[in-house]
Amino acid sequence: MTHPVDYAHRERSRFYDELWDFLRIPSVSAKSEHNGDTERAAEWVRAQLSQAGLRTETIATPGHPVVLGEWRDAGPEAPTVLIYGHYDVQPPEPLELWDSPPFEPAIRDGRIYARGSADDKGQLFLHIKALEAHLATRGRLPVNVVVLAEGEEEVGSPNLVPFVKAHRERLAAETVVISDSAMFAPGVPSLLFSLRGLAYFEIHAQGPRSDLHSGAYGGAIPNPANALSRVISTLHDETGRIAIEGFYDDIEPPSPETLEGIRSLPFDAEAYAAQVGTIPAGGESAYSPLERLWTRPSCDVNGMLSGYTGEGAKTVLPANAMAKVSFRLVPGQSPVRVKELLEEHLAKVAPAGVDLTLVELHGGRPWRAKLEGPLFEAASRALERSFGARPVLAGEGGTIPIVGEFEEILGANSLLLGFALPGANMHAPNEWFATDCFERGIDTLIHLYDELAQGGNSG
């Protein structure tokens, strides 16, 4: 009998062709002009799951559809694994910074370049092909499986929690497996122990009723752009610490063992600086870069808009200004509480003659895993079989909003098993996914389902 891994190696060329088809669909959930493309991506996922041998269904939501694939013939005594991923992608702009078109995949230097290659189409695809390899060679899976693919992760998953609550019994599982993150380094596979949460806002500053001539009014009338800049400057102190009263009060610090593990990792600050083009000098100076990324909250301006931004000069005093500001949160913090604290802070620092308005965009709760037990051991064995190395425990500075909700609603353990590499340009031009990680990722997931069947779903 052909082993599923041998099958995956034999079919590798076809797998690449199929991934190319997936990556060519511009399923940008943030733009209504791509709604048809997003629906097309959902249908593509459904068809692939059906072809692999799962029973499939596309279920409408108030936003983009959810795709479900199910295989429940392992029997009532076998564990059930819920595989989660998303088929929507970030907008590709600025297009001029891409070296090849974002929705025309290309391989260069062992990397698959395309929007969604790493986040998360490529990693969702790994699971589909691992399931196919089992079913094509053995005619069955070693565990019961439910695949849930959504199309709104990149806009905060507004309809997913209601969907999970409404389909709680159908989605019941012992383990949730998510591949939407990165390894620590090439050749160093990782298991994630934490995700930061998110609280995302717009701050609007309104001054005069319309734009004014800066010569006739400048110096007498408050300038909303100036005012908003001063407001933003109050969000941090000189050490990089967030200067909102009460912001750190609810934080649940990581264990000494976790901190010791982080400090033992071979973090190369010079390589990190070369990768991003500047030194890791942001945030709280009292903590190392990895501690800041994985265990500390952050506050960042994601965009600003005000006044005249076209070519040449226009001496205008703008009527309004806007800044998009996001907070990454750590365990103990909540988006609701951060909004309250930010509102109180803005009330204290609002300049005279300028009205400040806070608009909440979306948020997600932080998450921290249990660092031991059969589930982590099963994943560790699967990674070691494919990569030849035991995984390290790593954190993730980003947010996957649904992880904590899955655990709370379904009572399941979450396993975050990502295969992208640092610097993969997720959310940025020239996003890429290493071909070696793509191929070893499929092998790992084939092994993982076998390992989970051997008692890796508890604890």
Side-chain angles (χ1 to χ4, degrees), residues 1-23 44-56 67-75 78-85 87 105 107 112 117-118 120-149 173 175-180 183 189 375 378-388 391 415 417-420 433-454 456-457:
M1 178 187 298
T2 302
H3 191 277
V5 169
D6 295 329
Y7 172 90
H9 292 183
R10 189 181 70 224
E11 298 295 323
R12 187 171 289 163
S13 177
R14 174 173 63 85
F15 288 178
Y16 275 105
D17 289 341
E18 291 173 343
L19 177 62
W20 260 227
D21 291 339
F22 194 18
L23 294 174
W44 191 94
V45 172
R46 189 210 60 77
Q48 280 283 313
L49 289 169
S50 179
Q51 176 184 305
L54 283 73
R55 294 179 288 278
T56 62
V67 180
L68 286 185
E70 298 173 273
W71 199 90
R72 299 183 181 276
D73 297 338
T80 298
V81 178
L82 174 63
I83 299 165
Y84 164 80
Y87 60 82
I107 291 182
I112 304 164
S117 56
D120 176 46
K121 285 181 175 179
Q123 301 204 62
L124 172 61
F125 185 83
L126 303 180
H127 284 277
I128 297 174
K129 293 298 119 177
L131 296 171
E132 177 189 316
H134 271 287
L135 290 167
T137 57
R138 296 173 175 171
R140 60 183 292 104
L141 296 172
V143 293
N144 297 305
V145 165
V146 181
V147 179
L148 189 163
T175 297
V176 179
V177 180
I178 302 173
S179 299
D180 191 14
M183 296 167 43
L375 177 58
S380 297
R381 290 192 298 270
L383 284 164
E384 188 169 13
R385 291 174 69 177
S386 297
F387 285 88
L415 176 67
L417 182 62
F419 299 97
F433 191 19
T435 55
D436 179 67
C437 294
F438 172 76
E439 294 166 7
R440 291 177 186 266
I442 295 174
D443 295 352
T444 299
L445 296 175
I446 289 171
H447 296 313
L448 176 67
Y449 302 140
D450 281 332
E451 294 287 353
L452 292 176
Q454 303 303 314
N457 275 267

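When a residue number appears, it is its place in the shown sequence, counting from 1. Here the structure is a predicted model, which means the values were calculated and not measured. Note that these values count all heavy atoms, side chains included, but never hydrogens, waters or copies made by symmetry.
For His134 (side chain) and Ile446 (main-chain N/O), a donor-acceptor pair under 3.5 Å exists by modelled atom type. The closest donor-acceptor contact from the side chain of Asn144 to the backbone of Ala74 lies under 3.5 Å. With Glu451 contributing its side chain and Ala379 its backbone, the two residues share no donor-acceptor pair below 3.5 Å.
Closest heavy-atom contact between Leu383 and Pro391: CD1-CB, 3.6 Å. Considering all non-hydrogen atoms of both residues, Ala133 and Pro4 come closest at CB-O, 3.5 Å. When every heavy atom of Leu19 is checked against every heavy atom of Gly122, the shortest pair comes out as CD1-CA, 4.0 Å. For the residue pair Ile112 and Ser117, the shortest heavy atom distance occurs at O-OG, 3.4 Å. When all heavy atoms are compared, the tightest approach of Tyr87 to Lys121 is O-CE, 3.2 Å. Contact between Cys437 and Met183 at its shortest, heavy atoms only, is SG-SD, 3.9 Å.
Judged as a salt bridge (charged side-chain N to carboxylate O under 4.0 Å, His left out), and not counting sequence neighbours, the contacts of Arg12 are Glu439. Checked against side-chain contact (heavy atoms from CB on, under 4.5 Å), Arg46 has the following partners two or more places apart in sequence or in another chain: Glu43, Ser50, Thr56, Thr58, Val67. With sequence neighbours excluded, the residues that form a side-chain contact (heavy atoms from CB on, under 4.5 Å) with Asp436 are Arg440. Partners of Leu82 by side-chain contact (heavy atoms from CB on, under 4.5 Å), not counting sequence neighbours, listed by chain and number: Val146, Leu148, Leu171, Ala173, Val176, Phe406, Leu410. Remark: Asp450 engages Arg138 in a salt bridge (charged side-chain N to carboxylate O under 4.0 Å, His left out) (not counting sequence neighbours). Under the side-chain contact (heavy atoms from CB on, under 4.5 Å) criterion, Ala118 pairs with Ala420, Ala424, Met426, Glu431, Phe433, not counting sequence neighbours.
Atom OG of Ser179 and atom CG of Asp120 lie 7.5 Å apart (nearest 0.5 Å). Remark: Leu375 CG to Leu415 CG distance equals 4.5 Å, nearest 0.5 Å. We find the CZ-CG distance between Arg381 and Leu452 to be 9.0 Å, quoted to the nearest 0.5 Å. Note that CZ of Phe125 is 9.0 Å distant from CG of Asp21, once rounded to the nearest 0.5 Å.
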Could you go step by step and tell me if Asp6 and Thr137 meet the side-chain contact (heavy atoms from CB on, under 4.5 Å) rule? CA-CA 9 Å; Asp6 295 329; Thr137 57; over 6 Å; no

Could you go through Asp443 and Phe387, starting from their C-alpha distance and side-chain angles, then the distance that decides it, and tell me whether this counts as side-chain contact (heavy atoms from CB on, under 4.5 Å)? CA-CA 9 Å; Asp443 295 352; Phe387 285 88; over 6 Å; no

side-chain contact (heavy atoms from CB on, under 4.5 Å) between Val177 and Tyr449: does it pass, once the steps are laid out? CA-CA 10 Å; Val177 180; Tyr449 302 140; 5.7 Å; no

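Between Ile128 and Phe15, every side-chain heavy-atom pair lies at or beyond the 4.5 Å cut-off. Between Val5 and Arg385 there is no side-chain heavy-atom pair separated by less than 4.5 Å. Using a 4.5 Å heavy-atom threshold, the side chains of Val81 and Leu448 count as separate.
Under the 3.5 Å distance criterion, with hydrogens and angles disregarded, no donor-acceptor pair is assigned to the side chains of His127 and Tyr84.
Using a cut-off of 4.0 Å between Lys/Arg side-chain N and Asp/Glu carboxylate O, Glu132 and Lys129 are scored as salt-bridged.
The side-chain contact (heavy atoms from CB on, under 4.5 Å) test with Trp71 is passed by exactly one of Thr80, Leu131, Leu135: Leu135.
Ring geometry, His447 versus His3: the interplanar angle falls from 30° to 60°, so the pair is classed tilted.
Taking the six-membered ring for Trp, Tyr16 and Phe438 have ring centres closer than 6.0 Å.
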